[in-house]
Structure formats: C-alpha cells, structure tokens
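Written out below as structure tokens is the structure these notes cover.
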There are 2 protein chains.
Amino acid sequence: MTSLDSPPQAVPGDTGAAGKQIPPAAVARLTIYLRALNSLLAEGIERVSSESLAEASGVSSSTLRKDLSHVGSYGTRGVGYEVQYLSRHIAAALGLTHDWKVAIVGAGNLGKALARYGGFESRGFDVVAIFDADQMVVGNEVGWLRVSDVADLETVLERTGANMVVLALPAAVAQSVCDRVVAAGVHSILSFAPVMLQVPEDVNLRKVDMATELQILAYHAQRAQTPGQPN
Amino acid sequence: MTSLDSPPQAVPGDTGAAGKQIPPAAVARLTIYLRALNSLLAEGIERVSSESLAEASGVSSSTLRKDLSHVGSYGTRGVGYEVQYLSRHIAAALGLTHDWKVAIVGAGNLGKALARYGGFESRGFDVVAIFDADQMVVGNEVGWLRVSDVADLETVLERTGANMVVLALPAAVAQSVCDRVVAAGVHSILSFAPVMLQVPEDVNLRKVDMATELQILAYHAQRAQTPGQPN
DNA sequence: AGCTGTGAAAGAATTCACAGCA
DNA sequence: TGCTGTGAATTCTTTCACAGCT
C-alpha cells in the first residue's frame, strides 16, 4: 500500500507513512478522532482500542482503522493505540503542528461569538484580527481584540500574518470581501455567509450553513412523519 | 427508475415523482439549489438551464440534473426549468411547505447570534424559544424573545410546540440537555457543541463544528505548502 | 488470544454520454 | 437544434474478513 502511483522508493524526510494524500471523508473524521483522543488524554486514559475510539467518535471500527491507515501504523496489534502518541501523529498529518492565524471578518453577533469561542485557541487556531465595516463597531473590544476597519483589511491581514479568514458577514457583501481576502493572498477561507462564493482554484473555501442544516433536518423529519413506505 | 424496491404501483396522493427517498448527498445540495433559485426569483429571472443553475450552485450540471431527477421531472427539454415552479417542488420534497418551530438552548454568544439570524424566518424556520441556565441571563430579551430558564425546558418546548432544537451550549452539559430534549419528544437536533452526542436511532442529530472546519482547511493548506509530490 | 492493518467485496456518489422530447 | 432525464461507466467510500504481530 506504501506506493501505488509513485516509484517504490522510500520517502526521504518522512514522519510516518504520510506524504500520500488522505481521502476527504477520512480527513473530516480524523479531526473527530483527534478531539476524542484529547478528551481521553484529559481523563488520563493512556491506551485505547479501535473499537472504543470508534464508539466514542460515532463511527464503525473498520472505518476508523481504515482512516488511521492513511496516516500511518501507530497501533500495536493485540493491544491498541497509545492515546498521546496517536493524537500527535494525527495532528501532524492534519497540519496542526504549528498555529494558524485566523482573521474574522464581520463583528456582528456571529463574528463576536466566533471571536470569543474558546475552542479555537485550544486547537491551534489563533484569532489575530476581527473586522467590521460599521464605524460604530470599529474600535470596540471583542475578546482580546479591538475591531479593525474593514477598509484596512489588506494592511491588517499583512501585519498580523493571518493565513486563514472566517467570513461572518451578510450575503450581500460576502463576495466582494472574499475577493479582497483572496487578493491579499489568503488561501483558506471559512464562510458563514449563505451564498455561493466564487474563488480561484487554488483557494480553499469551506462553508457552514445553518439554514441548510435545518433544511436537511426538515427533510428527514418530514419523511419520518409520512405514513407511507412501511418498509 | 420509478420503483426499484417497492411494488410497481403508482403512489396515490403523489406530488410529482417523490415518495422515494433521496440520497443524502443530493438532499444537502437541493437546499443549495433552492437558495440559488430563490435568489434568481428575487432578481425576476423566470427560466434557468441546468448549466447555469449548476454554476450558480457550485456543482457540475450532471450532478444537478441527477439530483433533480430524484425529486421529479420538472424541466422542459430544450428549454430549461421554470424558476418558481422548480423552487416549489424542491421545497415540497424537502418538507419545507409548513413552518418548523425551532428552540435554541444556550443564550451565549452563539445562541444569541442564531436567535437574531434573519436567515431562519425567511426559510420557514420560526425561532419560538431560547433557553439558558444562567439566572443572570434568564429573562433577558434576545431578538423578539425572552430567555427561558432551562429548568423549564420540557414545559416550554411543549407549550411552544417546538419540533426542532438547536444546541448552542458548552460541551460539558450538551449530553444531559440533549437527553432531556429527546425525552421531551423532539426528533430533530442541530448541535454546535464540540462533542459526540449519543441519541436514539429515531432521533436525527446533525452537527456543525467550526473547529473541525478550520482543521480541514489546515490540512489542505499544509498540503499546498509542502514542496513534495510534484505530480 | 487479541487487536491492528489491509486487500478484496460491496455499496454510494459522480461523471459520462446519449436517447428522447420540445 | 438544444437541453433535459437517465442508463452505464467510473470513481470514491464503507464494510468485510482475515493475515500478521505482540
């Protein structure tokens, strides 16, 4: 499995079996295992089996083992995984070894909620700036930060060295701000704006959409209610 | 395609080709088409081709056509789709014909942001209650609502007829509140708490996790940075 | 004996390519 | 002619089942 589409020579400065790309579905779950591992760690548990880590993460044990196999072989047959060791290797595979600097654009309710959300710092994400267009809001304190004027977006992104941006702003202005962020050289964007944003290929855009999530729930709820299909 | 695992008799009170279950991946995208259609509608555009609706939604046209085929045949060959007509049928397929009543548990930054988020009402979701455990917060105004005491969860859920719950609370209390919500008869839950929640089979739980999203971005950003794999 | 790691099988989702209708 | 709707081909994901270490 080590080499399928690349020559059968060992990878030089290799940390484990990495280097090969991990399937998207697996990447998404690895973040969940990581969280589960860290909470085991907090409880002082040192070893875990694929079976119980899978249960704690809400997946099947075969899915978990297959996912981990993309990262490397960090378990011991007959025994299980060492929690801290595995956690470190997953973090490395996900690129969480150094901190990422996150700027939030939009200091409305959502932007503020995100800026104050403790979950980021603890997971290797530093919120380094928050912007708003409203002059009434610019200069206000949010968490440890002061709200910058979105007019200074480029300058502040550069100065703070932000390499990720979270868009927490109205749909109407999302595309234009997004364009500026991209032009400023940021390649990783997480958008909460309920619109399809257009970005160049080399920019990674992810979307979180609360209305969509509720609509998906609605679909399933409706299905459950309908009398038909007794199967 | 009409009937594969059910007898070949026509569905009785059928609105279109519905009745059959729609694949999860398609359901998620249908909500996006619906949004795109509604924004076309707002612009006064009456007809659209699969090609341009797909572009506006960020998917390929074949994916779009396949997805729509699960809902029914509402296009005209050689012409395209009538925007309003298609929008109605997708909404019907998703169960968005009647309003859903949403209660939010947790009136922290995130809970407040959600309660005030305009996007819900306009999409058929009514926020009917918001809860918090903190007595300093109970009674406060948030949007059009007053914060209820989470101690009264069961009573208020019943009184307001809430059939969906959004959990916007700390990981530590998420499971116990979730259990109470389930016991109160709610089958659709959207959680923002960064933990794996355990729910019975017949309850639909979806998760939104901002830290996970950033971690996925980090993975891709790291890959893009590494010099290796010239392919 | 027990649990991981992984090929091989099964199942979903996506893309292709074209028949069928306006 | 042009665009939808859909079988067939392809690719991606999950599950199975067991060989391989400890």
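Below, chains carry the letters A, B, ... as their sequence lines are ordered, and counting in each starts from 1. Since this is a predicted model, take the numbers as computed values, not measurements.
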> Does B:S49 have a side-chain nitrogen or oxygen under 4.0 Å from the phosphate oxygens OP1 or OP2 of D:dG2?
Replying inline: no
>> How would you summarise protein contacts on nucleotides 16-22 of chain C per nucleotide, using B for base, S for sugar-phosphate only and - for none, with heavy-atom distances below 4.0 Å?
In response: BB-BBBS
>> What is the separation between atom CD on A:E51 and atom P on C:dG5, rounded to the nearest whole Å?
In response: 14 Å
> Are the ring centres of B:Y81 and B:Y74 closer than 6.0 Å?
Replying inline: no
> For residues B:Y33 and B:D67, is any side-chain donor paired with an opposing acceptor at under 3.5 Å?
Replying inline: yes
> Any idea how B:Y117 and B:F120 line up, ring-wise: parallel (<30°), tilted (30 to 60°), or perpendicular (>60°)?
Replying inline: perpendicular
> What is the distance from NZ of A:K20 to P of D:dC12, rounded to the nearest Å?
Replying inline: 11 Å
> At under 4.0 Å between heavy atoms, what does B:R47 touch on the DNA or RNA strands: base, sugar-phosphate, or nothing?
Replying inline: nothing
> Between D:dC3 atom C1' and B:L64 atom CG, what is the distance in whole Å?
Replying inline: 12 Å
>> What is the distance, to the nearest angstrom, from the CG atom on A:L68 to the C1' atom on C:dC3?
In response: 13 Å
>> Tell me whether the rings of B:W100 and B:H98 are parallel (<30°), tilted (30 to 60°) or perpendicular (>60°).
In response: tilted
> Of the nucleotides D:dT15, C:dT14, D:dT13, which has the atom closest to the B:A25 side chain?
Replying inline: C:dT14
>> Using the side-chain heavy atoms of B:P23, tell me which of these nucleotides is nearest: C:dT4, C:dA13, D:dT6.
In response: C:dA13
> For B:S60 and C:dT15, is the shortest distance between a side-chain N/O and OP1 or OP2 below 4.0 Å?
Replying inline: yes
> OP1 or OP2 of D:dC3 sitting under 4.0 Å from any side-chain N/O of B:Y74?
Replying inline: no
>> So that I can tick it off, tell me whether A:R47 and A:E82 are bridged by a salt bridge, with the cut-off set at under 4.0 angstrom between side-chain N and carboxylate O.
In response: no
>> Going by side chain to side chain donor-acceptor pair (under 3.5 Å), name the pairs with one or both residues in residues 184-203 of chain B, residues two or more places apart or in two chains.
In response: none
> Can you tell me if the side-chain N/O atoms of B:S61 get under 4.0 Å from OP1 or OP2 in D:dC3?
Replying inline: no
>> Please report the distance, rounded to the nearest Å, between CG in A:L53 and C1' in C:dT4.
In response: 13 Å
>> Please report the distance, rounded to the nearest Å, between CG in A:D67 and C1' in C:dG5.
In response: 13 Å
>> I need the CD1-P distance between A:I22 and C:dG5, as an integer number of Å.
In response: 14 Å
> Under the 3.5 angstrom rule, does the side chain of A:S60 hit a backbone N or O of A:T63 as a donor-acceptor pair?
Replying inline: yes
>> Using whole Å, what does the distance between atom P of nucleotide D:dC12 and atom CZ of A:R29 come to?
In response: 15 Å
